[in-house]
Amino acid sequence: MKETDWRFRVAHREAWIGLGLALFNFIWWFAFAYGLGNRPVEEYTYIFGLPDWFFYSCIVGFLVMAVLVTVVVKFFFVDVPFDEEQEENR
């Protein structure tokens with residue numbers, strides 16, 4: 001039986017990390033958008049002219065995700081060669 005190529009294990013792990021980041025992004029957005037946005041309009045507070053639920057869900061959420069994706073790519077993702085010539089020379 002042929003052993004599974006190590007690149008598939010790396011890709012599988014990185015796919016799960018990406019799925020986790022996407023799920024975290026959705027939960028962040030949903031929690032702030034529907035948690036803070038589920039009030040009467042008269043009770044909204046505003047940050048930079050935007051409703052607080054929008055500011056935290058979309059603006060801060062984008063910044064948090066940008067930092068998280070940068071950290072994950074820099075420290076957890078691995079550069080994987082795609083050509084088979086390097087595989088033979090290992």
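These numbers come from a predicted model, not from an experiment.
Under a hydrophobic-cluster definition in which Ile, Leu, Val, Met, Phe, Trp and Tyr are linked whenever side-chain heavy atoms come within less than 4.5 Å, directly or via other members, V67 and F55 are assigned to the same cluster. Two different hydrophobic clusters hold L63 and F24 under the rule that ILVMFWY side chains link at heavy-atom gaps under 4.5 Å. Both L68 and V60 are members of a single hydrophobic cluster when ILVMFWY side chains are connected at heavy-atom separations under 4.5 Å. Hydrophobic clustering of Ile, Leu, Val, Met, Phe, Trp and Tyr side chains at less than 4.5 Å, counting indirect connections, keeps L19 apart from V10. One hydrophobic cluster, built from ILVMFWY side chains closer than 4.5 Å, cannot hold both L21 and F26; they sit in different ones.
No side-chain donor-acceptor contact under 3.5 Å links R39 to the backbone of Y44. R13 places a side-chain N or O within 3.5 Å of a backbone atom of F76 that can act as its donor or acceptor partner. Proximity of a side-chain donor or acceptor of E14 to a complementary backbone N or O of V78 within less than 3.5 Å is detected.
Separating the CZ atom in F30 from the CG atom in L23 is a distance of 12.5 Å, to the nearest 0.5 Å. Note that SG of C58 is 7.5 Å distant from CH2 of W29, once rounded to the nearest 0.5 Å.
Residues Y56 and I47 meet the side-chain proximity criterion, which asks for heavy atoms closer than 4.5 Å. Taking the side chain as every heavy atom from C-beta outward, F54 and I59 approach each other to under 4.5 Å. Side-chain contact between D52 and F32 is absent, with no heavy atoms from C-beta onward closer than 4.5 Å.
Across all non-hydrogen atoms, the minimal contact from R7 to V80 is CG-CG1, 3.2 Å. Nearest heavy-atom pair across A33 and S57 is N-CB, 3.7 Å. Smallest separation of non-hydrogen atoms from N25 and M65: OD1-CG, 3.3 Å. Closest heavy-atom contact between P81 and W6: CD-CH2, 3.9 Å. Listed here is the closest heavy atom pair of L36 and W53: CB-CB, 3.5 Å. Annotation for R9 and T4: closest pair NH1-O, 3.5 Å, computed over non-hydrogen atoms.
Applying the 6.0 Å contact sphere to CZ of F8 captures no more than 12 heavy atoms from other residues, nucleotides or ligands. Within 6.0 Å of the CZ atom in F62, the count of heavy atoms belonging to other residues, nucleotides or ligands does not exceed 12.
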